Student: 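Take a look at the following structure, please.
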Amino acid sequence: MNPVRRAIEVRGVVQGVGFRPFVARLAAERGLVGEVGNDEVSVFIEVEGSAPLVDDFLSALKAQTPPMAVVFDIAVSERAPRGGNGFRIVPSRRRPGARTLVPPDVATCADCLSELGDPTDRRHRHPFITCTNCGPRFTIITDLPYDRPATTMASFPMCGSCAREYDDPADRRHHAQPISCHDCGPRLWWELAGGAGEPLLGDTDTLATAQRFLSDERIVAVKGIGGFHLACDATSTVAVQQLRERKRRPQKPFAVMARDLDAVRRIAFVPPSAELTLTQPAAPIVLLPIREDGPLAPGIAPGLDEVGVMLPYTPLHHLLLAAVPGRDAPAPTLLVMTSGNLSDEPLCFTNDDARARLSSIADGFLMHDRPIAVPCEDSVVTLGSNGEVPVRRSRGFAPMPVALPSDGPTTLGVGAEIKNTFCVARDELAFCSAHVGDMGSLESQAAFARSVDQLTRLRAASPEVVVADLHPGYATRRWAEDYVERNPETRLVTAQHHHAHLASLLADHGLVGTPVVGVAFDGTGYGCDRQIWGGEVLAIGVDVAECTRMGHLVPLRMPGGDAAVRNPFRIALGLLHGAGLGAVPWAPDEMEEAEVQTVRSQLDAGLGCLDTTSVGRLFDGVASLLGVRHRVTYEAQAAIELEVLARTAARPAELPFPVTSEEVPQLDWRPLVTALVAARDSGTDRAELALGFHRALGAATAALALGIARRANVDRVGLTGGVFANRVLTAEVTGRLRAGGLEVLTHRRVPCNDGGLSLGQVVIGRAMAAREQLLTDRRANGAVPLTAPGREEVD
Ligand code: ZN
Ligand code: ZN
Ligand code: FE
């Protein structure tokens with residue numbers, strides 16, 4: 001039989017995931033000759049042999065891709081046979097201006113774990129054990145194509161044994177870039193805070209010392225894969241309290257790392273689907289119902305009914321959470337593992353930065369010398385009725401792209417002010433960054449600029465369009481304006497906050513270009529009328545650049561602006577005032593009478609008050625009216641605690657929440673506040689009122705969205721914005737919309753909160769650019785443009 005030769009190009013996440021060794025094995029098993037290699041855009045293969053064997057190779061290639069690989073497409077073309085011997089992996093080649101996909105970091109695999117625990121294996125207890133299926137990727141890559149010299153492992157020359165494994169196509173570490181062993185790999189050591197004493201070397205002493213510190217209720221900074229964690233014994237009230245004081249994080253919940261699934265079950269209820277979520281390669285933090293009778297210190301998640309739990313995901317974590325042979329320090333089972341930073345500062349990821357910024361928090365440091373190229377915080381997911389829902393998309397997911405419906409100019413979306421991520425769209429893919437965080441500090445802004453530089457360099461993408469939020473005060477907006485000034489060939493587009501939330505939801509579902517009615521409920525967003533929005537019903541048609549405000553919450557009054565965000569009792573007073581109950585005496589116990597009086601006179605005079613349609617603020621105010629919380633120490637705290645209270649209710653209280661019948665209909669909370677206060681004062685159970693509020697708001701929202709969808713002849717409604725992290729409200733709205741015959745979209749791949757905003761921004765930026773293109777084409781054809789370019793269509 002005559003041989004055939006085929007050239008195959010595989011595009012997708014195919015670098016750093018063991019794709020080339022996988023191809024070499026498939027070819028060798030079938031006795032085919034040829035070669036495989038990487039370039040920046042793909043894995044290229046040439047394979048030659050009898051036609052049936054080559055066909056069989058192709059079907060195996062499609063059917064059995066390695067676990068970490070994501071294949072977008074496989075292109076096959078015929079070549080003239082030229083014979084040859086064997087099948088080779090050839091060196092990477094470069095294509096100018098090409099794109100490749102950087103794989104995310106992956107938790108230690110089962111094979112590596114069994115070697116880690118095997119005393120006869122040469123990598124027994126090696127804290128940096130990895131293979132082609134697991135280990136650091138995104139966080140160690142400094143350049144592309146992904147090869148060892150382009151990682152932070154470049155400074156660790158392989159020993160003879162590692163080099164042999166690396167070169168052997170039959171070895172499971174063939175071309176595993178972070179390969180290392182006790183002889184040639186990175187080193188662990190222990191040092192005390194403030195540089196006291198000599199560093200302690202040796203894995204055994206280092207790990208045993210760290211464990212002793214933890215069992216002594218002290219705080220240890222642990223260098224991980226994407227940055228430092230601050231760790232302490234999660235069962236120790238003293239340690240947890242100390243960490244809160246030193247980190248200046250009074251109440252925001254801490255994540256817990258549990259040794260194994262059994263340890264997770266001791267602190268939380270674990271439905272079967274949660275096991276898969278916890279043990280997936282990304283190893284995210286999973287929010288699970290907390291066991292009141294479990295061993296966790298009460299300060300882990302004060303006021304909440306859920307705890308964020310993750311499993312160990314690096315060999316170092318596994319070693320830290322297991323007994324050290326020959327030592328008697330007790331191994332921890334449950335550790336607090338919270339970001340290594342002071343509240344509101346960016347994550348520490350270099351040894352020097354950690355020493356400088358964490359010495360006032362940690363008592364000791366578990367250090368190593370493998371540099372982290374890109375900081376990356378842990379991801380957080382929750383379990384909804386349809387499976388996993390992202391809360392923070394970061395380690396293990398970033399920088400995996402989201403596919404866009406079409407090509408377009410390279411576009412950078414700079415994201416929002418809190419929970420910042422940014423997004424780079426290149427060709428038909430959108431790459432969302434890891435979590436950058438809150439942009440309030442200069443350190444955060446510097447970290448943002450550095451990360452943008454890194455991702456655009458890795459993507460070889462210099463933005464032609466930069467998209468920023470409409471809010472003139474956002475740090476990212478100023479950065480974008482500055483960038484465009486320095487790069488005059490780049491265009492600046494601004495996108496209204498909730499418009500971007502809805503565009504993000506469309507991209508999340510691959511539905512950009514289809515009409516949708518969107519409910520965007522969140523804390524704060526700058527509106528097109530310069531008011532603060534956050535309770536909007538919007539409509540987008542086939543052109544995602546155009547968005548119309550179809551309905552909203554009746555504006556409520558925030559006395560003192562930002563002070564009202566930190567002090568929900570101020571919103572509560574604003575609600576009473578707005579409902580005509582301004583004279584009702586009401587002073588929460590812990591509030592100074594003078595402060596309440598000041599706010600009341602502010603409201604009466606209308607001084608220093610901002611109006612907002614924010615549903616997040618409505619939640620804050622209702623939480624305060626029900627005595628749940630009057631001051632917050634972290635974002636959305638009052639709203640979250642109100643939801644927790646609602647979940648304890650046996651039944652909902654009946655509360656009114658009408659929709660007004662103006663041209664642009666509004667959700668009228670005023671009758672609700674009047675009824676709620678009356679019911680509260682006549683002794684109705686607070687939990688029933690909390691649930692009643694959720695139900696009434698959900699019913700009113702669904703009725704408003706249904707009416708708008710019917711008028712617009714649209715059969716799809718999207719729910720987006722941070723408020724839809726609230727599962728009680730989401731279930732209520734979703735159920736009612738479905739009962740009304742509509743399809744409901746909620747977020748699946750990027751968060752509904754501001755962490756998902758940048759994806760929507762690039763979608764809008766692309767659409768604006770396409771309009772201009774259309775305009776230019778029409779001008780060239782002598783036609784008159786129908787739409788003015790760059791006009792913000794919202795309201
Ligand atoms: Zn492995
Ligand atoms: Zn070695
Ligand atoms: Fe938002």
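Note that the coordinates shown come from a computational prediction; the quantities given were computed from them, not determined experimentally. For ligands, and for the atoms within them, numbers begin at 1 and follow the listed sequence.
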Student: Could you identify the N, O or S atom of D754 positioned closest to the Fe ion (ligand 3)?
Tutor: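 So the atom name we want here is OD1.
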Student: If I take the Zn ion (ligand 2) as the centre, what angle separates the SG atom of C181 from the SG atom of C159? Nearest 10 degrees is fine.
Tutor: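 Value, to the nearest 10 degrees: 100°.
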Student: Take the Zn ion (ligand 1) as the vertex and measure to SG of C131 and SG of C134; round to 10°.
Tutor: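 The two atoms form an angle at the metal of about 120°.
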Student: Hey, which of H501, R549, Q496, H498 is the one that makes side-chain hydrogen bond (donor to acceptor under 3.5 Å, both in side chains) with E536?
Tutor: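 Checked H501, R549, Q496, H498 against E536; only one passes side-chain hydrogen bond (donor to acceptor under 3.5 Å, both in side chains): R549.
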Student: Does the shortest distance from the Fe ion (ligand 3) to an N/O/S atom of H501 fall below 2.8 Å?
Tutor: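 A backbone or side-chain N, O or S atom of H501 is under 2.8 Å from the Fe ion (ligand 3).
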Student: Taking D469 for the side chain and A416 for the main chain, is one N or O donor matched with an acceptor at less than 3.5 Å?
Tutor: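 No.
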Student: Can the positive tip of R395 be found less than 6.0 Å from the middle of the six-membered ring of Y313, inside 45° of the ring normal?
Tutor: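 Yes, R395 sits over the ring of Y313.
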Student: So, do R123 and C162 sit near enough that their side-chain heavy atoms are less than 4.5 Å apart?
Tutor: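 In contact.
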Student: Please work out the angle at the Zn ion (ligand 1) defined by atom SG of C112 on one side and atom SG of C109 on the other, rounded to 10°.
Tutor: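 The SG/SG angle about the Zn ion (ligand 1) sits at 110°.
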Student: When you look at D508 and R748, which way does the salt bridge (charged side-chain N to carboxylate O under 4.0 Å, His left out) test go after all the steps?
Tutor: CA-CA 7 Å; D508 187 318; R748 304 171 307 177; 3.6 Å; yes
Student: Looking at D522, pick out the N, O or S atom nearest to the Fe ion (ligand 3) and give its name.
Tutor: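 Among the N, O or S atoms of D522, the one closest to the Fe ion (ligand 3) is OD2.
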